[in-house]
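Letters A, B, ... mirror the listed sequences (proteins, then strands); counts begin at 1.
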2 protein chains.
Amino acid sequence: MATVSVVSKLTARCEMCPSRSSGVCCGLSDGELEHLCGLMRHRRLQAGEQVIHQDDVSDVFAIIISGTVKLTRVLPDGREQIVGLLGPADCLGDLFLEGASHNTAECVTNTVLCCFPRDRFETYLRDHQDLERRLLTLAMRDLDEARDWLVTLGRKNASEKVATFLLWLLEKQQTAKASPFAASAATLELPLSRQEIGDFLGLTVETVSRQMTKLRAAGAIRLNTNHQIAIDDVDKLRRIAEQSSV
Amino acid sequence: MATVSVVSKLTARCEMCPSRSSGVCCGLSDGELEHLCGLMRHRRLQAGEQVIHQDDVSDVFAIIISGTVKLTRVLPDGREQIVGLLGPADCLGDLFLEGASHNTAECVTNTVLCCFPRDRFETYLRDHQDLERRLLTLAMRDLDEARDWLVTLGRKNASEKVATFLLWLLEKQQTAKASPFAASAATLELPLSRQEIGDFLGLTVETVSRQMTKLRAAGAIRLNTNHQIAIDDVDKLRRIAEQSSV
DNA sequence: CGGAGCCTTGAGTCGTTTCAAAGCAAGTGG
DNA sequence: CCACTTGCTTTGAAACGACTCAAGGCTCCG
């Protein structure tokens, strides 16, 4: 009975965690979960804090519990590109990577992480193929998503880019909440600033701003605040995103 | 003795294969290799043939023995983006993917593949964690590379893009041959047409062509044929690729 | 020799960037 | 409580770079 209470104490928070229901941790047995919980430490970070630094060796592997983290790369002359946007249940850290990380991971909002010492997590993986399989699946999902952005960055124009981005965020947000929204009248939390949206889409702040104004003028969206917008016409947004001139 | 000769017959070609020395197959024991060889079938394809079709379910997993294969995605209106370029030792096919593939895989040159029925390869993986680990590592490498291209597509201009592409090809080609070239006077095989380079870099044919001319005029490269160029000044190319205005 | 396919070059257009200024919201100190 | 700073966003005007359209050049091959 004593052990049972210890188990429930350790893993209690896990039951609330998005990673337990839809992330790496889903599918873990109670025993596995308990073991991993022994390695884990929660960490609270403020917006702007960096978890991983480009060109530095990182020994962290973490699961995001709440908040948004951006992965960025910068060119020698300072130009910046966001190469990934992570939210609750997403993983952070380069497993099995030798040498320095190629990304900077920076908190966009206040964030709570579930952190593991990377080496101990990697060791644990060696005996748990199911978990490693899950990580392989996630890596392939990330790759697929990165390639989608290649299409957007390489072949779409500014309005298509912004519309695509908003739709992507909307979908991400809806699957996270698992709430079957009606096709219209959704509200969207925008964690990124205009500058950051530009850094994501390969545009300047001004262009992003202009496109938002255009979308507003077209009746597709309304700007509640700079970080919260109402999606009035999803279909119009979709048409703009793919310029399907039907 | 009979079994030994069967083994050597089955796996004989593997010893010449780039995947054996640097791809998925390196690290496999003789027994593992033999087993996999039992599943494998070689397949010869001509330039232009498609191995996987976007939006179709694919049941192939393959290793490229020779040739170049491009992964592309097309938008509803026909715009095309190359999202990956595969060469000898690279893997082809979406393991564990449910549903249709998101890429089209098309041979750029004549190609020889080492093909596996996907389900049988997946089954084999379940009992061979070392191999699955290797696939995880490769997936993460692909992800890393895709993100590098995000930076290039999102933040670099036309000349930087073309220079970056040439340097990337050069490096790919040199590590493939494992030949420690001198820093200058290398020769580069260009499997892609101008149009395809454009589809890779998010540019038009004309822009690619103009940039090549500019690089030639700057003395960085010489065009032997349209598909073979001499790299005269790698450093100049590097400076152009990152615009490091030193 | 003549055609087909790809590559190059030129001229003009259009879209995004650049540079500059003004608008707006939140927070601070008098 | 109001003036003031600060940071982000929006808007405008001009410059620039990549695209579009059109023509001409080069190579390979029948």
Side-chain angles (χ1 to χ4, degrees), chain A residues 46-48 70 75 77-81 108-109 152-166 189-218 221-229 240 243 245, chain B residues 46-48 70 75 77-81 108-110 152-166 188-218 221-229 240 243 245:
Chain A
Q46 296 211 310
K70 64 176 179 179
L75 292 172
D77 64 355
R79 281 174 291 179
E80 184 170 326
Q81 174 70 42
V108 174
T109 63
T152 299
L153 292 194
R155 286 303 179 203
K156 294 189 180 176
N157 64 25
S159 31
E160 295 170 310
K161 281 180 179 177
V162 173
T164 303
F165 175 71
L166 293 180
E189 300 296 330
L190 250 187
L192 302 187
S193 69
R194 300 290 185 270
Q195 174 64 59
E196 287 170 320
I197 297 175
D199 288 342
F200 199 127
L201 298 173
L203 300 170
T204 58
V205 211
E206 296 94 329
T207 302
V208 173
S209 179
R210 280 186 247 271
Q211 297 306 328
M212 298 285 271
T213 317
K214 266 176 65 182
L215 288 177
R216 188 164 48 74
I221 64 173
R222 253 174 311 143
L223 306 177
N224 297 339
T225 73
N226 281 330
H227 289 276
Q228 191 197 55
I229 66 180
I240 296 173
Q243 210 78 297
S245 37
Chain B
Q46 294 211 312
K70 64 175 177 179
L75 291 173
D77 64 356
R79 282 174 289 181
E80 184 170 326
Q81 174 70 43
V108 174
T109 63
N110 292 347
T152 299
L153 292 195
R155 286 302 180 203
K156 293 189 182 177
N157 63 27
S159 30
E160 295 170 308
K161 282 179 179 178
V162 173
T164 302
F165 175 72
L166 294 180
L188 182 61
E189 300 297 329
L190 250 187
L192 302 187
S193 68
R194 299 291 186 270
Q195 175 64 58
E196 288 170 319
I197 298 175
D199 288 342
F200 199 128
L201 298 173
L203 300 170
T204 57
V205 211
E206 296 95 328
T207 302
V208 173
S209 179
R210 279 186 248 271
Q211 296 307 327
M212 299 285 272
T213 314
K214 268 176 64 182
L215 289 176
R216 188 166 47 75
I221 65 174
R222 253 174 311 143
L223 307 177
N224 297 339
T225 75
N226 282 330
H227 289 276
Q228 190 196 58
I229 67 180
I240 296 173
Q243 209 76 298
S245 36

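Contacts between chain A and DNA chain D, taken as any atom within less than 4.0 angstrom of a protein heavy atom, begin and end at D:dT9 to D:dA13.
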Produce the list of close N/O pairs, under 3.5 Å, pairing protein atoms with atoms of nucleotides 13-15 of chain C; give distances to one decimal.
none

Give me the distances for all protein-to-nucleotides 23-25 of chain C N/O pairs that come in under 3.5 Å?
none

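Residues forming a salt bridge (charged side-chain N to carboxylate O under 4.0 Å, His left out) with B:R216 (at least two apart in sequence, or on another chain): none. Every residue two or more places apart in sequence or in another chain that forms a side chain to side chain donor-acceptor pair (under 3.5 Å) with A:N224 is listed here: A:Q228. Residues passing the side chain to side chain donor-acceptor pair (under 3.5 Å) test with A:T109, sequence neighbours excluded: none. Under the side chain to side chain donor-acceptor pair (under 3.5 Å) criterion, A:S209 pairs with no residue, sequence neighbours left out. Partners of A:K70 according to the salt bridge (charged side-chain N to carboxylate O under 4.0 Å, His left out) rule, which considers only residues two or more places apart in sequence or in another chain, are A:E80, A:E196. For B:R79, the salt bridge (charged side-chain N to carboxylate O under 4.0 Å, His left out) test picks out A:E160, B:D77, with sequence neighbours left out. The side chain to side chain donor-acceptor pair (under 3.5 Å) search around A:T207 returns A:T204, not counting sequence neighbours.
The heavy-atom pair separating B:R155 from A:L75 by the smallest distance is CB-CD1, 4.2 Å. Minimum heavy-atom separation, A:L153 to A:F200: CD2-O, 3.8 Å. In this structure, B:R194 and B:N226 approach most closely via the heavy-atom pair NH1-O, 3.1 Å. Heavy atoms only, all atoms of each residue included: B:S159 and B:I240 are closest at O-CG2, 3.9 Å.
Using a 4.0 Å cutoff on non-hydrogen atoms, the parts of residues 198-213 of chain A near DNA chain C are A:G202, A:L203, A:T204, A:E206, A:T207, A:R210, ordered by number.
Atom-to-atom, NZ of A:K156 to C1' of C:dT16 comes out at 18 Å; the value is rounded to the nearest Å. Going from atom NZ of B:K214 over to atom C1' of C:dT8 covers 15 Å, rounded to whole Å.
Within the 4.5 Å cutoff, no side-chain heavy atoms of B:T152 are placed close to those of B:F165.
Sorted by first then second residue, the salt bridge (Lys or Arg N to Asp or Glu O under 4.0 Å) pairs that include residues 201-214 of chain B, not counting sequence neighbours, number zero.
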